Amino acid sequence: MGTKQGKQEQVGSQRHLIGPKQIVIVGASFAGLFLAKKLIKLHSKIPLQITFLDKNSYFELITSLPGALLSPEHASRIILPYTQIMAQLTSCSPHVSVQFIQGMLTRVTAGGSDSIEYSIENGQVRYLRYDYLVLATGSMYSQPIKHYYAFSQEDRLEGLKAKRESIKGKSVLVVGGGSNGVEIASEMAESGGCRRVGLATRGQRLLGGLPERCHLAADRWMRENGVEVHYNTTYQEDTKDTLAYDEVIDCTGFKYTSSGGPSSYLQGDLSSCISPQTGQILVNSYLQLSSPSQSFSNIFSLGDVCLTPSNEEKAIVPIHILSSFLSANLHSLITNNGSNLQPIPAVIPRVYMINFGTRGAGVVVFNEFVMEGMDRVPVLRHVVSVKKFKRMIDWLNLGELQGHKCERCIMSAQYTGMDAAFCLFRQQCLKCLPCHVDRVDRRKSVKDAIKRVKKYDTLQ
């Protein structure tokens, strides 16, 4: 319910009267699934109803896309039907019910009637009531990274197949010098399936925003493996022909303002919660939707689609960290009227694994610390291989989603160790180390918008 700050405590207290609470999570990718698993763990003895709404019928392990683009077998392994994942989540607790609805979110209503409007495959409009709403709708990205209109598993696999066949034996320009562009260009070059591979970036370096050592490692690998890097190149309609390429793969980054983004479902008072700079959803330190004039005490946002006061990198590790805070805050609201809400950290650690090809090269980034893969050492490249380590994490994630006990235990241990490392490298006595969280350069592009929202953080 939309409330100004002074009224939030009163409104919150009226929300916890009878029956299991209905939490609606829009978006069932990493952000939504991380949150649901943590809510189930916290509510192991408290009745709770979790409903997912997603436009697709399947989960895709987007972190493993470069392999899916080149291998049909790999593509089929990284896509799971949501029916399988929801059944596994439901089995985790007898007190928590989890259901999945395939549909497109079209409107969020806050105020007298807390509900969402969504459309299903035949265009019919339906409504769903919520006690708490979490918007985790992610981001838009060009095909083949994401295909916005591939609603079924079959459509998605067919789209990847069509792209795979269109680039076979051709000269291909990958546009975008970020992690996706670097990984796709390097794997295409190493696979030998393309006649020529180029990488275009509008900046003067690859992997912009990460420590310079990452750029130097990526640039060296590209030059040694025949990838033509076109720096200071802004892609336009004639760029492909000017540079003499047959096909283009667009890896220019996240988009939030196109069809299906926040502006399509946040209307009226809620439209003021959209950043005019990026199109993302503005949230306060408790991840509640906020604008300069009001906050919404029972509507939250998580993942790529939200712009937090921390302005963290959009990657899996930050999502894991923030989902822990959001699950704890939702649990507090449900059980004790939100008397001990926890704000998110001012700075979120930065963790990346970026592979160059498949033979071990790449970089692992932890804040400002960078470790390169041992691809130049014949023995060690099979041990310290960024690609193999990243692939192992992908398979563990998939196994956990399917309910495999061994993978679940390993991932739990990994996240526990990761959280311990984050805690350790927040200590002031270690501030001189590049791993320390305060060494992360805060991104500046939307600083003004964040400052405005910070003033209106919801008070406990």
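This structure is a prediction, so every number in the text was calculated from the model and none was measured. Sequence positions, counted from 1, serve as the residue numbers for this chain.
To the nearest 0.5 Å, atoms OG1 (Thr252) and OH (Tyr235) are separated by 10.5 Å. Between atom CE of residue Met353 and atom CE of residue Met371 there is a gap of 10.0 Å, rounded to the nearest 0.5 Å. In this structure, the separation between CG on Leu53 and NZ on Lys55 is 11.0 Å, given to the nearest 0.5 Å. To the nearest 0.5 Å, atoms CD1 (Ile281) and CG (Leu302) are separated by 10.5 Å. Between the CD1 atom of Ile249 and the CD1 atom of Ile184 there is a distance of 6.0 Å, given to the nearest 0.5 Å. In this structure, Arg220 CZ and Leu206 CG are separated by 12.5 Å, a value rounded to the nearest 0.5 Å.
By the neighbour-count criterion of 12 heavy atoms within 6.0 Å, atom CZ of Arg202 is sparsely surrounded, having that number or fewer from other residues, nucleotides or ligands. At most 12 non-hydrogen atoms from other residues, nucleotides or ligands lie less than 6.0 angstrom from CZ of Phe389.
Ser412 places no side-chain N or O within donor-acceptor distance of the main-chain N or O of Arg408, the cut-off being under 3.5 Å. Between the side chain of Asn284 and the backbone N or O of Tyr286 there is at least one donor-acceptor pair closer than 3.5 Å. A donor-acceptor pair is defined here as one N or O able to donate and one able to accept, closer than 3.5 Å; such a pair exists between the side chain of Asp131 and the backbone of Gln22. Looking only at distances, a side-chain donor or acceptor of Ser186 sits under 3.5 Å from a matching main-chain atom of Val182. Remark: the backbone N or O of Asp419 is not paired with any side-chain donor or acceptor of His320 at under 3.5 angstrom. Gln153 places no side-chain N or O within 3.5 Å of a backbone atom of Leu80 that could act as its donor or acceptor partner. Put simply, the side chain of Ser290 gets close to the backbone of Gln288: a donor and an acceptor are under 3.5 Å apart. A donor-acceptor contact shorter than 3.5 Å links the side chain of Tyr82 to the backbone of Ala28. The main-chain N or O of Ile319 is never found under 3.5 Å from a side-chain atom of Lys314 such that the two would form a donor-acceptor pair. When atom types are taken as modelled, the side chain of Gln427 and the backbone of Cys423 share a donor-acceptor pair closer than 3.5 angstrom.
Considering only heavy atoms from C-beta on, Gln342 comes within 4.5 Å of Asn329 through its side chain. Side-chain contact between Leu330 and Val134: present, with at least one pair of heavy atoms (C-beta onward) separated by less than 4.5 Å. Between Phe100 and Asp54 there is a side-chain heavy-atom pair separated by less than 4.5 Å. Within the 4.5 Å cutoff, the side chain of Leu270 has heavy atoms near those of the Ile299 side chain. Looking only at side-chain heavy atoms (C-beta outward), Leu210 and Ile354 come within less than 4.5 Å of each other. At a threshold of 4.5 Å between non-hydrogen side-chain atoms, the residues Pro345 and Phe325 count as touching. You'll find the side chain of Leu135 reaches within 4.5 Å of the side chain of Leu289, heavy atoms only. Residues Tyr130 and Val108 are in side-chain contact: their nearest non-hydrogen atoms beyond the backbone lie under 4.5 Å apart.
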Show your working on side chain to side chain contact (heavy atoms under 4.5 Å, CB included) between Val386 and Val364 and close with a plain yes or no.
-> CA-CA 7 Å; Val386 177; Val364 177; 4.2 Å; yes
Criterion side chain to side chain contact (heavy atoms under 4.5 Å, CB included) on His74 and Arg391, from CA distance to verdict = CA-CA 11 Å; His74 184 74; Arg391 184 67 59 86; 3.6 Å; yes
Test side chain to side chain donor-acceptor pair (under 3.5 Å) on Tyr265 and Thr137 and set out the steps.
-> CA-CA 11 Å; Tyr265 54 76; Thr137 52; 2.7 Å; yes
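In summary, Glu312 and Arg350 do not engage in a salt bridge, as defined by a charged side-chain N under 4.0 Å from a carboxylate O. Salt bridge status for Lys390 with Asp394: absent, with no side-chain N to carboxylate O gap under 4.0 Å. Remark: Glu212 does not engage Arg205 in a salt bridge, criterion side-chain N to carboxylate O under 4.0 Å.
Side-chain contact check for Gln84 and Gln402: at least one donor-acceptor pair (N or O, by modelled atom type) lies under 3.5 Å.
Between Cys306 and Val283, the shortest heavy-atom distance links the atoms CB-CG1, 4.2 Å. Residues Cys92 and Ile40 share a closest heavy-atom pair of CB-CG2, 3.7 Å. In terms of heavy-atom proximity, Lys21 sits nearest to Leu48 at O-CD1, 3.5 Å.
A side-chain contact (heavy atoms from CB on, under 4.5 Å) with Ile50 is found for exactly one of Leu35, Leu89, Val24, Leu39, namely Leu39.
Under the 30°/60° scheme for interplanar angles, the aromatic rings of Tyr245 and His230 are found to stand perpendicular. The aromatic rings of Phe356 and Trp221 lie tilted to each other, with the angle between the two planes from 30° to 60°. Using a 30° and 60° split on the angle between ring planes, Tyr231 and His215 fall in the perpendicular class, above 60°.
With sequence neighbours left out, the ring-ring contact (aromatic ring centres under 6.0 Å, His included) criterion links Phe30 to Phe34, Phe59.
For His95 and His43, the ring centers are positioned 6.0 Å apart or more.
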